Every structure is written in C-alpha cells, then in structure tokens.
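Input: a single structure, listed below in structure tokens.
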Amino acid sequence: MLACKQSVTQACSHEILLAQTRAVMHVRSMMFAVVNQKGGVAKSTLAVHLAVWHLETGRRVAFMDADGQSSSSRWITAAGWPLTLVTEIRADAIIEEASRL
C-alpha cells in the first residue's frame, strides 16, 4: 500500500511541477551553465537532461557545447531532438554566442 501511495504522490508532484513550469513560461529567456573542473561528474548528462526537459515543457532550447569531447552534441544529434545546437565554440566566445541566440 505504501508503494502505491508513494507512486501516486510522485505522479501528482510531477503534474504540479509541469503546471507550475507552464505558468512561468512567459519568462523571456534563461541560461543554464553546467560546469566543473573535474571530469566524470556527469556534466554532459545533466546538461542534456535539462535541455530535453525544457523541450518537453514546450520551450525552445539552444544548446552550446563547449566541451572538447563533444559528448552532448553527439547524443543530441543521434537522438534528433529539435533544438538549436552550437558546437565548436571557443570558451571566450560563449557570452557573445549566447547573446546572439
């Protein structure tokens, strides 16, 4: 019984979160940066999940991949998600590119 209650609560929480997200979609733009000096801490994974979540909530998404390994870009391209993908960007040009988008 407890497991059923938890799954219902989680489903309700998810629906509430989606409703709240749709309510604030009037926000003009947001920028997220996922950064860490250490490798292997799931930066690419988190960034791609954030981007896809925003796509699923109806937002337009631009994804700038400044990582030399370009894992995120490869995953996004392979999945065919409808977002603007910017690759091969120099670290010092990120702000300029973000302003353009």
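When a residue number appears, it is its place in the shown sequence, counting from 1. Small disclaimer: the values here were computed from a predicted structure and weren't measured.
Between the CZ atom in Phe63 and the OG1 atom in Thr84 there is a gap of 12.0 Å [rounded to 0.5 Å]. To the nearest 0.5 Å, atom CZ of residue Arg59 and atom CH2 of residue Trp53 are 5.5 Å apart. Summarising the geometry, atom OG belonging to Ser99 is positioned 6.5 Å from atom CE belonging to Met31; distances are rounded to the nearest 0.5 Å. In this structure, CG in Leu85 is found 13.0 Å from CH2 in Trp75, a value given to the nearest 0.5 Å.
Residues Val61 and Ala51 come closest through the heavy atom pair CG2-O, 3.7 Å.
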For the pair Ser44 and Asp67, evaluate side chain to side chain contact (heavy atoms under 4.5 Å, CB included) and give the outcome as yes or no after the intermediate values.
CA-CA 9 Å; Ser44 297; Asp67 185 6; 3.9 Å; yes

Decide yes or no on side chain to side chain contact (heavy atoms under 4.5 Å, CB included) for Leu55 and Leu83, but give the supporting numbers first.
CA-CA 8 Å; Leu55 278 173; Leu83 53 77; 3.7 Å; yes

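Judged by distance alone, the side chain of Asp65 and the main-chain N or O of Ser73 form a donor-acceptor pair under 3.5 Å. Between the Thr77 side chain and the Arg74 main chain, no donor and acceptor come within less than 3.5 Å of each other. Looking only at distances, a side-chain donor or acceptor of Lys43 sits under 3.5 Å from a matching main-chain atom of Lys38.
Side-chain atoms of Arg60 and His54, non-hydrogen and from C-beta on, never get closer than 4.5 Å to each other.
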